[in-house]
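Structure record follows, encoded as structure tokens.
Since this is a predicted model, take the numbers as computed values, not measurements.
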Amino acid sequence: MDASPLEFLNTLSLGILSLLAIYVAYKFLRAIRFVPQQNAYVVERLGNYHKTLRAGFHALIPFIDRVAYTLDLREQAIPVEPQECFTEDNVRVEVDGIIYLSVTNPENAAYGVTDYRRGAIQLAQTTTRSVIGRMELDTTFQERAAISQAVVEVLSEVEQTWGIKVHRYEIKNIDTPRTVQQAMERQMTAERERRATVARSEGKQQSTVNDAEGEKQELINQSEGEKQRRINEAEGQAQEIEALAEATAEAIERVAASVSAPGGEEAVKLRLAEQYLDTIAKLGKEENEVLLPADLTKYESVIDGLSLDEFTLRSDGETSHPSGDGAAGESRSQSD
């Protein structure tokens, strides 16, 4: 009966010692740390900051050193939950986004703020509300980059204290109430109709201007063509008159030369006699009504009246025309 409590105490003591041995072994094992790449372990010694473990193998002092914070140094994408904001024109919108940041100073990230992730989210939300509150609804959709830049600038002010680096902030959605969306759709429809009306009127105006310009150019081309045609006709008529004058002068010179040649006078008289007889033959037609001299049968007197015997060609190529008694008188005056 007395041995049973003693055995129980021995068994209990052995159990406690075994648990203590296991705990000590566990602490010694935990004192050996393998830090992965892009990670940092913040070590405290007796409750105070001691050092920061980087990637690799590290041995700590059991029961004295402990890993207080384990930090990921890679860039993190932290979602910002949707929040209600009011624009300058008192329209309620819901905005959410994503913060991209990384830990650059593990000590400050561990001790500079309670939770740097939550702190960055809260600061991004408050800054977003402040920026959107200074914008109208239409501007918020156009100035997403400005809102993101404002959030990054505010977060950059606490980077040194919190030991983080904010790379960028992106707004995912800006949601408006259904009534506002319907109003915006009606506004956009009206704007599109207005632009279509303006485009049609401008097209019609341009078409009218183009038609007028085309008619104007056509009239100018027609007038230029008419002007050139008249110039060409005038030049052609002038050349024709000049050619006829030259041909007539050449013909007269040749006739004068022929008359002055031996037998020329008889040939001219013969040609005139043929034409004279041919003309007299045509006078007998009933449709001809003419006035004639008293006697057409005296052909020799008509030919003598032409004074062909005095029609001579001067040595300088010019012809001298007989002038009856006046010409004879002039010859006598020159001889005197």
Side-chain angles (χ1 to χ4, degrees), residues 38 69 71-207 209:
Q38 288 296 323
Y69 299 96
L71 301 174
D72 192 341
L73 303 182
R74 294 173 296 179
E75 183 174 344
Q76 306 173 44
I78 304 174
V80 179
E81 297 298 327
Q83 61 171 335
E84 291 186 355
C85 303
F86 287 89
T87 62
E88 187 178 10
D89 46 357
N90 294 324
V91 178
R92 181 177 61 84
V93 296
E94 287 189 355
V95 183
D96 60 346
I98 300 178
I99 303 174
Y100 296 89
L101 58 81
S102 60
V103 176
T104 57
N105 191 324
E107 296 83 9
N108 291 346
Y111 300 104
V113 62
T114 304
D115 186 349
Y116 69 89
R117 295 169 59 91
R118 182 174 177 79
I121 292 173
Q122 295 295 327
L123 191 55
Q125 288 180 334
T126 56
T127 305
T128 302
R129 285 197 297 267
S130 175
V131 174
I132 291 180
R134 297 193 298 268
M135 295 182 178
E136 295 183 353
L137 179 61
D138 295 337
T139 309
T140 57
F141 295 100
Q142 303 172 1
E143 300 295 336
R144 288 178 176 239
I147 299 173
S148 301
Q149 183 64 29
V151 173
V152 172
E153 291 178 355
V154 172
L155 288 174
S156 63
E157 296 177 359
V158 297
E159 287 180 350
Q160 187 67 28
T161 304
W162 292 0
I164 60 175
K165 173 63 178 177
V166 179
H167 302 283
R168 57 194 176 277
Y169 174 74
E170 299 292 341
I171 295 177
K172 292 174 59 178
N173 300 302
I174 300 178
D175 296 329
T176 57
R178 184 58 185 170
T179 56
V180 177
Q181 293 179 7
Q182 293 175 352
M184 294 176 63
E185 290 175 358
R186 290 194 296 269
Q187 180 182 359
M188 292 302 299
T189 302
E191 180 65 19
R192 292 190 186 97
E193 292 178 354
R194 184 189 69 81
R195 292 179 181 177
T197 303
V198 172
R200 285 195 297 268
S201 63
E202 290 179 352
K204 185 176 180 180
Q205 178 185 4
Q206 189 63 36
S207 176
V209 172

Subject >> Those residues that, when tested against S130, pass side-chain hydrogen bond (donor to acceptor under 3.5 Å, both in side chains) (two or more places apart) >> reply: R134
Original post:
Quick one: are I171 and S148 in side-chain contact, heavy atoms under 4.5 Å?
Top reply: yes
Original post:
What are the two closest heavy atoms between I164 and Y116, and how far apart are they?
Top reply: CG2-CD1, 3.8 Å
**OP:** Could you note down all residue pairs passing salt bridge (charged side-chain N to carboxylate O under 4.0 Å, His left out) where residues 104-127 supplies at least one of them, sequence neighbours left out?
**Re:** none
Original post:
Would you find more than 12 non-hydrogen atoms of other residues, nucleotides or ligands less than 6.0 Å from Q160 atom CD?
Top reply: no
Original post:
Quick one: side chain to side chain contact (heavy atoms under 4.5 Å, CB included) partners of E136, sequence neighbours excluded?
Top reply: E88, D89, T139
**OP:** For Q206, check side-chain hydrogen bond (donor to acceptor under 3.5 Å, both in side chains) against everything at least two apart and list the hits.
**Re:** N210
**OP:** Apply the test side chain to side chain contact (heavy atoms under 4.5 Å, CB included) to residues Q38 and L73: give CA-CA distance (whole Å), side-chain angles for both, the deciding distance (0.1 Å), then the verdict.
**Re:** CA-CA 5 Å; Q38 288 296 323; L73 303 182; 3.6 Å; yes
Original post:
Among pairs that include at least one residue of residues 120-129, which meet side chain to side chain donor-acceptor pair (under 3.5 Å), considering only residues two or more places apart or in two chains?
Top reply: Q83-R129
Subject >> Partner residues of Y100 under the ring pair (Phe, Tyr, Trp, His ring centres under 6.0 Å) criterion, sequence neighbours left out >> reply: none
**OP:** Begin from the C-alpha positions of I147 and R144 and carry the test side chain to side chain contact (heavy atoms under 4.5 Å, CB included) through to its verdict.
**Re:** CA-CA 5 Å; I147 299 173; R144 288 178 176 239; 5.6 Å; no
Subject >> Stepwise side chain to side chain contact (heavy atoms under 4.5 Å, CB included) check, L137 with T176 >> reply: CA-CA 9 Å; L137 179 61; T176 57; 3.9 Å; yes
**OP:** Nearest 0.5 Å please: distance from the CD1 atom of I98 over to the OH atom of Y169.
**Re:** 9.0 Å
**OP:** Give me the one residue out of V103, L155, L101, T104 that meets side-chain contact (heavy atoms from CB on, under 4.5 Å) with K165.
**Re:** T104
Subject >> Exercise: identify the closest heavy-atom pair between E159 and V166 >> reply: OE2-N, 3.0 Å
Subject >> Considering all heavy atoms, the nearest I99-A124 contact >> reply: CD1-CB, 3.5 Å
